[in-house]
Amino acid sequence: MVIDTTDDDSHARLITITGVNLTVAAGLVAAIGDISRFSSPQKLVSYFGLNPRVRQSGLGAAHHGRFSKSGRSHARAMLVEAAWAATRLLRADQS
C-alpha cells in the first residue's frame, strides 16, 4: 500500500532538513502524532529520549551524562541515521 504524503505540510517541512528523506519524515510524523500534545520542545526531546541523564544528590552539583535513551527507540534511530546522512553530505560538499 502506497500513501502519498507529499501534500502534507509537516512532511514537506521535515524534508527541508539536511539528511531527512521522505521515509524518515513519515516515520517521525507517525511517531509524534499530534504535535500539540507536547507542551514544550523539551517534552518532545524527552519523548525521543534525547535528553541527558542528570545525576544529583542533595544540593551538590548536577552531573549531566549521556542521552537517557528512554522513549521511542525507532524514532530516535531514524534521527541518528538522518544525522549520519547529513554528516556525509556536508563532508562531500567540503571536498
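Here the structure is a predicted model, which means the values were calculated and not measured.
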Next on the checklist: Walk me through whether L14 and V24 qualify under side chain to side chain contact (heavy atoms under 4.5 Å, CB included).
Outcome noted: CA-CA 9 Å; L14 285 171; V24 173; over 6 Å; no

Checklist entry - Around R91, counting heavy atoms of other residues, nucleotides and ligands shown, do more than 12 lie under 6.0 Å from its CZ? => result no

Checklist outcome for this item: Applying ring pair (Phe, Tyr, Trp, His ring centres under 6.0 Å) to F48 and not counting sequence neighbours gives none

Checklist entry - Can any side-chain N or O of R88 pair as donor or acceptor with the backbone N or O of G19 at less than 3.5 Å? => result no

Checklist entry - Any side-chain heavy atom of S40 sitting closer than 4.5 Å to one from K43? => result yes

Next on the checklist: Assigning hydrophobic clusters by single linkage (Ile, Leu, Val, Met, Phe, Trp, Tyr; side-chain heavy-atom cutoff under 4.5 Å), is I17 placed with L44?
Outcome noted: yes

Item to check | Value rounded to 0.5 Å, distance of NE2 in H74 from CG in L79 | outcome: 13.0 Å

Item to check | CD1 on I32 to CZ on F38, rounded to 0.5 Å | outcome: 6.5 Å

[X] and [Y]: which non-hydrogen atoms are nearest, and at how many Å?
| X | Y | result |
| --- | --- | --- |
| R37 | D34 | CG-O, 3.0 Å |
| T23 | M78 | O-SD, 4.3 Å |
| V20 | A82 | CG2-CB, 4.0 Å |

